[in-house]
Amino acid sequence: MFELNQLVCFVTLAEELHFGRAARRLAMTQPPLSRQIQLLEHHLDTRLFDRTSRTVRLTPAGERFLVEARQILRLAEGASSLAKKVALGKTGSIRIGFTAASAYDFVPRLVTACLAELPDVDLSLKEMVSGDQMEALGSGQIDIGFIRPLLVRHGIESMKVFAEGMCLAAPAGHPLARKRVPTLKDLHEQPFVMYSPHESRYFHELVVAQLAQANVQPRYVQYLGQVHSLLSLVRAGLGLALVPESATGLHLDNVVMRPVALRSKAPVEVHAVWRRDAASPLIPQIVAIAKRLAHRPRRR
């Protein structure tokens, strides 16, 4: 089989139709160039050039082969460039898991940043609760997940990439909707829509801990698994709720969001998780982009 270097010599000579000029372009002398052309013709078992002491012309076979040779060289150059991009984490595909609540603000900003910084990367997004993401990582269904803090399993790397505060969500007509900065004490004995301890364990334990530290006991009226579900009941006037700050971007009618003072300034965390043996160079790229988002102003 012929070599790529022989194709380079052939294409250059076909363009120059002069051994001296072609050799100068290739930074070589004429004898090695002639040898490469002879080897190529031997491999193909056909003449590609008609040569005289004064002229060099392509044969009909050479003219047809020139089209294919240029295509082969373009493909080889493209394959080389693609391999380098993949190795540098500049192209390829990656499957990303995320929680529903992170889709209010974090995920849209992450996708926007990835499209700008990694335009040749194909993103496949999968909404999953944190526990399911851990399972999906183990089975290879996703490459990286963005989860709420969990006990990380053996073989999984974890890094906090984002943290945010919480807001009080109140029906528009509720007295607390008019208070600039309500406190947890304001929630005592108030009707309260709470996170399910099973479907939303992270938020349930977080809110319970905050209320216990403030010695506050709301009156729980419903337990639900997703932030948007809680907000739908707040919108209906059923009670109050504590939700991540990013949920303010939903702009729901009849729901007023107010920042609430907590013991911890940014208690709601998002962690990136991935397999320790993952070979994809895209993973550190995505993690780096996610961490930078924490230092950029949030969209309003």
Considering non-hydrogen atoms only, spot the tightest contact between [X] and [Y] and give its length.
X      : Y      : result
Leu4   : Ala76  : CD1-CB, 3.9 Å
Leu206 : Pro267 : CD1-CB, 3.8 Å
Cys114 : Leu123 : CB-CD1, 3.7 Å
Pro171 : Gly237 : CG-CA, 3.9 Å
Asn215 : Lys185 : CB-NZ, 4.2 Å
Gly62  : Phe10  : O-CZ, 3.5 Å

Measuring from atom [atom1] of [X] to atom [atom2] of [Y], what distance do you get when rounded to the nearest 0.5 angstrom?
X      : Y      : atom1 : atom2 : value
Lys126 : Gln141 : NZ    : CD    : 7.5 Å
Leu137 : Asp132 : CG    : CG    : 11.5 Å
Gln133 : Glu127 : CD    : CD    : 9.5 Å
Ile289 : Leu282 : CD1   : CG    : 9.5 Å
Gln6   : Gln38  : CD    : CD    : 11.0 Å
Leu240 : Leu230 : CG    : CG    : 11.0 Å

| query | Thinking salt bridges, do Glu41 and Arg51 make one under a 4.0 Å N-O criterion? | reply |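 The answer is yes: the pair qualifies as a salt bridge.
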| query | Between Arg148 and Glu205, is there a salt bridge with N-O shorter than 4.0 Å? | reply |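 A salt bridge is absent here (no side-chain N lies under 4.0 Å from a carboxylate O).
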Taking the side chain as C-beta and beyond, is there a heavy-atom pair between [X] and [Y] under 4.5 Å?
X      : Y      : result
Leu48  : Ile37  : no
Cys167 : Thr248 : yes
Lys179 : Leu168 : no
Asp143 : Ile286 : no
Arg64  : Glu68  : yes
Met166 : Gln210 : no
Phe192 : Val221 : no
Ser130 : Thr99  : yes

For the hydrophobic clusters of this structure (ILVMFWY residues joined by side-chain heavy atoms under 4.5 Å, transitively), does one cluster hold both [X] and [Y]?
X      : Y      : value
Leu73  : Leu39  : no
Phe203 : Val129 : no
Trp274 : Phe98  : yes
Met194 : Leu262 : yes
Met257 : Leu242 : yes

| side chain to side chain contact (heavy atoms under 4.5 Å, CB included) partner of Phe146, chosen from Val273, Leu110, Val107 |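 Only match with Phe146 under side chain to side chain contact (heavy atoms under 4.5 Å, CB included): Leu110.
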| task | Identify, with sequence neighbours excluded, every residue that meets side chain to side chain donor-acceptor pair (under 3.5 Å) alongside Arg276. | result |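 So Arg276 forms a side chain to side chain donor-acceptor pair (under 3.5 Å) with Glu157.
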Just wondering, more than 12 heavy atoms not from [X] lying within 6.0 Å of its [atom1]?
X      : atom1 : value
Arg35  : CZ    : no
Asp277 : CG    : yes
Arg201 : CZ    : no

I'd like to know if the side chain of [X] and the backbone of [Y] have a donor-acceptor N/O pair within less than 3.5 Å.
X      : Y      : result
Glu199 : Gln226 : no
Arg275 : Gly155 : no
Ser200 : Ser196 : no
Glu164 : Ser246 : yes
Arg47  : Thr59  : no
Tyr195 : Val208 : no
Asp50  : Arg57  : no
Tyr202 : Glu269 : yes

| task | Apply side-chain contact (heavy atoms from CB on, under 4.5 Å) to Lys291 and Met159, showing your working. | result | CA-CA 9 Å; Lys291 284 186 68 67; Met159 179 184 295; 3.4 Å; yes
| task | Look at the rings of His204 and Tyr223 and say which category their plane angle falls in: under 30° parallel, 30 to 60° tilted, over 60° perpendicular. | result |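 It falls in the tilted class, 30° to 60°.
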| When you look at Val227 and Leu250, which way does the side-chain contact (heavy atoms from CB on, under 4.5 Å) test go after all the steps? | CA-CA 11 Å; Val227 172; Leu250 295 177; 5.5 Å; no
| Val268 and Glu245: side-chain contact (heavy atoms from CB on, under 4.5 Å), yes or no, with the steps? | CA-CA 9 Å; Val268 181; Glu245 182 184 355; over 6 Å; no
Which donor-acceptor pairs under 3.5 Å do side chains of residues 25-34 form with protein atoms, sequence neighbours excluded?
residue, atom, partner, partner atom, Å
Arg25, NH1, Glu15, OE1, 3.2
Arg25, NH1, Glu16, OE2, 3.0
Arg25, NH2, Glu15, OE1, 3.0
Ser34, OG, Gln30, O, 3.2

